[in-house]
Amino acid sequence: MERTRHISISNEHDIVLCRRSSRELARELGFNLVDQTRITTTASELARNIFEYAKKGEVIIGVIENHEGHLGLKMTFIDKGPGIDNLDAALGEGWTSHRGMGLGLPGSKKLMDEFNIESIVGKGTTVTVVKWQK
Amino acid sequence: MEIRVPILKIKNYLIVPIQVDLDDNAAARLQRDILIRIEQTGARGVIIDISVLDLVDSYLGRLLGDTAQMAELMDARVVLTGMQPPVALTLVELGLRLDNIYTALDMESGIELLESLL
């Protein structure tokens with residue numbers, strides 16, 4: 001069963017496609033409505049970050065399994081944009097961007113079970129998030 | 001593909017049912033359209049119904065809050081109606097505060113709220 005989806009982000013409508021795609025997979029995996037909404041909202045926030053700061057990038061949405069056989073939904077957001085100079089500040093809620101009030105990173109961290117970010121200035125940013133089935 | 005949200009006028013009110021998932025451009029255009037319609041019609045109240053939306057992210061949430069504030073400057077009150085429970089829960093977890101917008105459970109109580117405000 002091939003459930004991995006790749007979405008290129010290069011315009012506003014791609015953000016819509018990204019949330020639609022994450023919703024479909026979350027529903028297929030049997031996540032409840034609240035978790036579906038958390039996943040879809042995270043997809044929207046992080047896809048928008050790509051568009052806003054890097055102009056283009058890629059989102060990979062797929063299924064993972066842990067050693068106990070639990071399934072989870074994993075989303076990876078990759079861009080080759082300017083990168084983030086001060087990650088601690090970007091993950092704090094006081095950080096402001098011109099749109100969305102900078103809630104994307106700290107908000108996604110709260111909405112998902114796992115959150116990882118790697119960013120190199122001048123090279124780009126990769127954010128990986130996971131939501132596990134209950 | 002152009003998405004346009006209808007803005008209906010009933011008595012002194014504008015009714016704005018958002019029935020589709022809007023991209024950021026369409027959402028920003030809706031904000032402008034609402035303000036223009038307030039100016040054209042002299043409407044005193046606006047109901048923005050989001051009962052079919054299964055997602056409100058920080059961009060749309062902030063835009064709706066801003067719209068309410070802008071409308072207020074034009075002497076119109078905005079009530080957001082029909083937010084689904086998972087959407088409300090996620091917005092609060094996300095950390096978005098919608099302090100400056102009136103809300104009601106459904107369109108009928110939204111109208112009642114507007115009548116009490118005006």
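Numbered from 1 within each chain, the chains take letters A, B, ... in sequence-line order. Predicted model, so just to flag it, every value in this text is computed and none were measured.
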Positions in residues 72-88 of chain B that reach chain A, provided some heavy atom is under 4.5 Å away: B:Pro86, B:Val87

Is it the backbone or the side chain of B:Leu91 that comes under 4.5 Å from a heavy atom of chain A, or both, or neither? neither

With no hydrogens and no angle check, is any side-chain donor or acceptor of [X] less than 3.5 Å from a backbone partner on [Y]?
X	Y	value
B:Ser58	A:Leu103	no
A:Glu58	A:Ile78	no
B:Asn100	B:Gln69	no
A:Ser21	A:Cys18	no

Please classify the contact between A:Arg20 and chain B as side chain, backbone, both or neither, with a heavy-atom cut-off of under 4.5 Å. neither

Ion pair B:Arg29/A:Glu12, N-O distance below 4.0 Å: no

Among side-chain atoms of A:His70 and A:Gln133, is any donor-acceptor pair under 3.5 angstrom? no

Can a donor-acceptor pair be found between the side chains of A:Glu118 and A:Thr126 at a distance below 3.5 Å? no

I need the residue from B:Val56, B:Leu22, B:Asp54, B:Leu63 with the largest number of non-hydrogen atom pairs under 4.5 Å to chain A. B:Asp54

